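Quantities reported herein were computed from a predicted structural model and do not represent experimental measurements. Below, all heavy atoms of this structure are taken into account, side chains as well, without hydrogens, waters or symmetry copies.
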Amino acid sequence: QVQLVESGGGLVQNGGSLRLSCAASGFSVDFYAIAWFRQAPGKEREGVSCISSVDASTYYADSVKGRFSISRDNAENTVYLQMNSLKPEDTAVYYCATDKSKTCWYPLGVPHHHDMDYWGKGAQVTVSQ
């Protein structure tokens with residue numbers, strides 16, 4: 001049974017940090033590319049970051065580049081999103097997902113419309129001013 005479960009969300013001050021976790025079951029996190037998406041109130045969902053299964057190459061939306069870092073721990077079968085220097089505009093529900101592709105072929109930082117095969121339920125991240 002394939003499942004993705006996010007954790008680590010919460011409320012932080014402007015400039016603070018959080019680490020989100022995406023625990024996978026039913027498949028290995030080094031077998032599929034896994035991406036983080038976010039959806040802010042009243043806005044479309046956008047891709048934030050992605051890690052490839054081929055060589056663990058990482059990709060970021062321009063808005064988070066230099067502040068966020070995606071990584072994976074194969075032993076724990078978990079993908080992480082380290083979020084530093086958080087801004088109020090980062091406030092959103094964050095989801096991890098995979099479409100079972102090996103690579104991060106889809107663009108990030110734009111509204112995301114293609115179907116993913118598996119989604120987590122989401123983790124709320126709120127950044128106060």
Side-chain angles (χ1 to χ4, degrees):
Q1 297 297 119
V2 173
Q3 188 175 18
L4 297 170
V5 180
E6 302 96 339
S7 62
L11 173 64
V12 297
Q13 290 182 281
N14 186 24
S17 297
L18 285 173
R19 188 178 76 162
L20 300 180
S21 298
C22 175
S25 59
F27 72 99
S28 298
V29 295
D30 61 350
F31 193 69
Y32 298 137
I34 296 177
W36 286 95
F37 298 84
R38 67 185 181 186
Q39 187 164 26
K43 296 185 177 180
E44 295 184 85
R45 184 164 52 225
E46 65 173 348
V48 174
S49 185
C50 185
I51 184 165
S52 172
S53 70
V54 177
D55 58 0
S57 295
T58 58
Y59 305 88
Y60 302 92
D62 287 344
S63 61
V64 307
K65 195 170 298 181
R67 300 187 298 120
F68 291 10
S69 179
I70 190 170
S71 62
R72 71 185 185 209
D73 186 324
N74 295 337
E76 296 294 326
N77 210 35
T78 298
V79 172
Y80 302 95
L81 186 68
Q82 179 67 46
M83 309 164 68
N84 299 323
S85 301
L86 283 162
K87 307 173 182 179
E89 51 262 45
D90 295 318
T91 295
V93 177
Y94 285 71
Y95 304 86
C96 60
T98 181
D99 66 353
K100 299 193 292 185
S101 64
K102 298 289 188 182
T103 60
C104 302
W105 60 269
Y106 34 85
L108 305 175
V110 298
H112 183 84
H113 296 117
H114 98 274
D115 292 335
M116 306 295 280
D117 290 284
Y118 303 107
W119 290 92
K121 293 295 184 182
Q124 178 69 51
V125 172
T126 303
V127 185
S128 62
Q129 295 188 15

Q) Partners of Q124 by side-chain hydrogen bond (donor to acceptor under 3.5 Å, both in side chains), sequence neighbours excluded? A) T126

Q.
When you group the ILVMFWY residues by side-chain heavy-atom contacts below 4.5 Å and let the links chain together, are L18 and I34 in the same group?
A. yes

Q.
Hydrophobic clustering (ILVMFWY, side-chain heavy atoms < 4.5 Å, transitive) - are V125 and V64 grouped together?
A. yes

Q) Can you check whether T98 reaches F27 side chain to side chain, under 4.5 Å on heavy atoms? A) yes

Q | Min side-chain heavy-atom separation F37-M116 under 4.5 Å | A | yes

Q. Does Y95 share a hydrophobic cluster with L81, counting links as ILVMFWY side-chain heavy atoms below 4.5 Å and allowing steps through other members?
A. no

Q.
Give me the atom names and distance for the closest heavy-atom approach of T91 to V127.
A. OG1-N, 2.9 Å

**Q.** Non-hydrogen side-chain atoms of W36 and L108 separated by less than 4.5 Å
**A.** no

(Q) Nearest 0.5 angstrom please: Y106 OH to Y59 OH, how far? (A) 10.5 Å

Q. Can you find a pair of side-chain heavy atoms, one from F31 and one from K102, that are under 4.5 Å apart?
A. yes

Q: Side-chain contact test, heavy atoms from C-beta onward, threshold under 4.5 Å: evaluate it for S17 versus Q82 and give yes or no.
A: yes

Q: Over 60° means perpendicular and under 30° means parallel, so classify the ring planes of W119 and H112, tilted if in between.
A: perpendicular

Q | Spacing of OG1 belonging to T78 relative to CG belonging to L4, to within rounding of 0.5 Å | A | 10.0 Å

Q. If you take all heavy atoms of A33 and S53, which pair is closest and at what distance?
A. N-CB, 3.7 Å

Q: Answer yes or no: is there a side-chain heavy-atom contact under 4.5 Å between C96 and Y118?
A: no

Q | Shared hydrophobic cluster for Y32 and V2 (ILVMFWY, side-chain gaps under 4.5 Å) | A | yes

Q: Using atom types as modelled and distance alone, determine if a side-chain donor or acceptor of S21 lies under 3.5 Å from a backbone N or O of A23.
A: no

Q. Any donor-acceptor pair under 3.5 Å linking the side chain of E6 with the backbone of G122?
A. yes

Q) Any side-chain heavy atom of D90 sitting closer than 4.5 Å to one from R38? A) yes

Q.
Side chains of I70 and V79, heavy atoms from C-beta outward: is any pair under 4.5 Å?
A. yes

Q: Considering non-hydrogen atoms only, spot the tightest contact between P88 and N14 and give its length.
A: CD-OD1, 3.6 Å

**Q.** Shortest non-hydrogen contact from R45 toward Q39
**A.** N-NE2, 3.8 Å

Q.
Looking at every non-hydrogen atom in both residues, tell me the closest pair between H114 and D99 and how far apart they are.
A. NE2-OD2, 3.0 Å

Q: Please name the pair of heavy atoms, one in A92 and one in A40, separated by the smallest distance, quoted to 0.1 Å.
A: CB-N, 3.7 Å

Q | Point-to-point distance, once rounded to the nearest 0.5 Å, from OG of S49 to CG of L20 | A | 11.0 Å

Q. Does Y60 belong to the same Ile/Leu/Val/Met/Phe/Trp/Tyr cluster as I51, with side-chain heavy atoms less than 4.5 Å apart forming each link?
A. yes

